[in-house]
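Every chain is numbered from 1 and lettered A, B, ... according to where its sequence line falls, protein lines coming before strand lines.
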Amino acid sequence: MKYWLMKNEPDDFSIDDLEKVGIDHWDGIRNYQVRNFMRDEMSIGDPAFFYHSNCKVPGIYGLMEIVSEAYPDHTAWNPEEHYHDPRSTPESPVWLMVDVKFVRKLDNPVTLRELRTHPELTEMRILQRGNRLSVTPLCFEHWNFILGLAGREA
DNA sequence: GCCAACGTTGGC
DNA sequence: GCCAACGTTGGC
């Protein structure tokens with residue numbers, strides 16, 4: 001089992017939006033490294049953090065579960081879509097997505113600012129300088145430590 | 001809105 | 001295969 005951190009801009013799709021629909025596909029990935037993570041490393045049942053990026057208070061706001069294998073991202077085929085990519089076709093898809101299920105919102109969201117204050121977490125990928133991957137794996141120790149932070153009294 | 005950092009593109 | 005130019009990400 002692997003643990004994941006998945007970023008999205010809440011203006012586009014937030015943990016609240018996922019809560020409303022229950023399950024949704026995580027589409028729009030247009031980075032080969034992230035695609036390969038989804039294809040090669042993710043498994044059904046893997047837990048994931050929902051991270052809000054590019055917003056007022058960036059941080060981890062909720063928990064999800066991966067509920068599908070990687071499969072073709074059909075939004076790449078649609079010229080109407082923002083993330084349209086003509087190189088990808090139904091016959092030969094380039095981009096993949098997975099389905100994610102809402103688990104719960106965190107009682108105490110763990111902000112990026114707080115993540116940076118804990119020496120235990122300095123190795124986390126998203127805290128590394130210049131990291132831009134929107135989906136990153138994290139080790140159980142980091143996962144568990146963050147859950148501890150989220151469970152504390154505010 | 002700014003801008004540093006990174007990935008991608010494409011000419012050569 | 002190099003690398004400059006460009007586009008995107010995402011914190012601040």
Side-chain angles (χ1 to χ4, degrees), chain A residues 2-21 24-42 46-66 70-100 102-139 141-143 145-150 152 154:
Chain A
K2 292 202 152 91
Y3 300 84
W4 301 96
L5 184 146
M6 302 171 75
K7 297 186 195 178
N8 207 57
E9 303 189 12
D11 289 347
D12 171 49
F13 186 76
S14 71
I15 185 72
D16 296 295
D17 296 321
L18 182 61
E19 181 174 24
K20 281 178 203 144
V21 296
D24 206 354
H25 42 257
W26 199 269
D27 61 90
I29 297 297
R30 300 291 180 268
N31 172 287
Y32 286 105
Q33 214 175 332
V34 172
R35 181 204 65 181
N36 295 347
F37 277 149
M38 296 196 298
R39 185 190 61 197
D40 305 331
E41 314 269 347
M42 266 187 188
D46 282 356
F49 286 134
F50 195 133
Y51 179 97
H52 287 180
S53 67
N54 210 2
C55 58
K56 197 165 181 186
V57 185
I60 295 169
Y61 283 81
L63 303 184
M64 306 184 281
E65 184 183 327
I66 308 302
Y71 62 100
D73 181 345
H74 56 76
T75 67
W77 310 329
N78 184 352
E80 309 283 308
E81 288 280 347
H82 180 238
Y83 290 109
H84 173 235
D85 183 347
R87 290 173 301 173
S88 185
T89 64
E91 294 72 32
S92 177
V94 175
W95 302 114
L96 304 174
M97 59 187 178
V98 295
D99 290 346
V100 295
F102 175 83
V103 174
R104 65 180 169 92
K105 292 205 264 182
L106 297 184
D107 296 333
N108 305 301
V110 184
T111 64
L112 176 62
R113 170 193 271 241
E114 167 154 25
L115 291 173
R116 290 196 190 284
T117 65
H118 294 286
E120 293 88 342
L121 300 175
T122 50
E123 303 286 309
M124 274 184 75
R125 298 262 307 237
I126 62 151
L127 301 184
Q128 304 303 310
R129 203 171 69 115
N131 170 73
R132 292 174 56 191
L133 296 179
S134 64
V135 174
T136 48
L138 63 167
C139 66
E141 286 72 21
H142 290 163
W143 170 271
F145 186 84
I146 293 167
L147 272 190
L149 297 175
R152 283 185 331 194

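- A 6.0 Å sphere centred on CD of A:Glu123 holds no more than 12 heavy atoms belonging to other residues, nucleotides or ligands.
- The separation between A:Arg30 atom CZ and C:dG10 atom C1' is 19 Å, rounded to whole Å.
- Closest to the side chain of A:Arg116, out of B:dT9, B:dT8, C:dC12, is C:dC12.
- Between the CG atom of A:Leu112 and the C1' atom of C:dG10 there is a distance of 10 Å, rounded to whole Å.
- Close to C:dT9, at under 4.0 Å from its OP1 or OP2, lies no side-chain N or O of A:Lys7.
- Salt bridge status for A:Asp73 with A:Arg30: present, with a side-chain N to carboxylate O gap under 4.0 Å.
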Q.
Show, in sequence, the C-alpha distance, side-chain angles and deciding distance for A:Leu96 and A:Val98, and conclude whether the side chain to side chain contact (heavy atoms under 4.5 Å, CB included) test is met.
A. CA-CA 7 Å; A:Leu96 304 174; A:Val98 295; over 6 Å; no

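- Picking from C:dG11, C:dT9, B:dG7 the nucleotide with the shortest atom distance to the side chain of A:Tyr83 gives C:dT9.
- A straight line from CH2 of A:Trp95 to C1' of B:dT8 spans 10 Å, rounded to a whole angstrom.
- One atom, CD1 of A:Ile29, and another, P of C:dT8, lie 16 Å apart when rounded to the nearest Å.
- Whole-Å rounding puts the A:Asn54 CG to C:dC12 P distance at 12 Å.
- Contact annotation for A:Arg35: no contact, since no heavy-atom pair falls under 4.0 Å across all strands.
- For A:Arg129, a side-chain nitrogen or oxygen approaches OP1 or OP2 of B:dA5 to under 4.0 Å.
- A donor-acceptor pair under 3.5 Å is absent between the side-chain atoms of A:Ser92 and the main chain of A:Thr89, judged by distance alone.
- When distances are taken from the side chain of A:Asn31 to each of B:dG7, C:dG10, C:dG11, the shortest belongs to B:dG7.
- Put simply, CE on A:Met6 is 13 Å from P on C:dG10, counting in whole angstrom units.
- Taking atom CD of A:Gln33 as the reference point, atom P of B:dT8 lies 9 Å away to the nearest angstrom.
- Nearest-nucleotide assignment on DNA chain C puts the 5′-proximal partner with A:His82, out of A:His82 and A:Pro58.
- For A:Asn36 (side chain) and A:Gln33 (main-chain N/O), no donor-acceptor pair under 3.5 Å exists by modelled atom type.
- Atom C1' of nucleotide B:dG7 and atom CZ of A:Arg87 are separated by 12 Å, given to the nearest angstrom.
- Among the nucleotides B:dT9, B:dT8, C:dT9, the one closest to any side-chain atom of A:Tyr32 is B:dT8.
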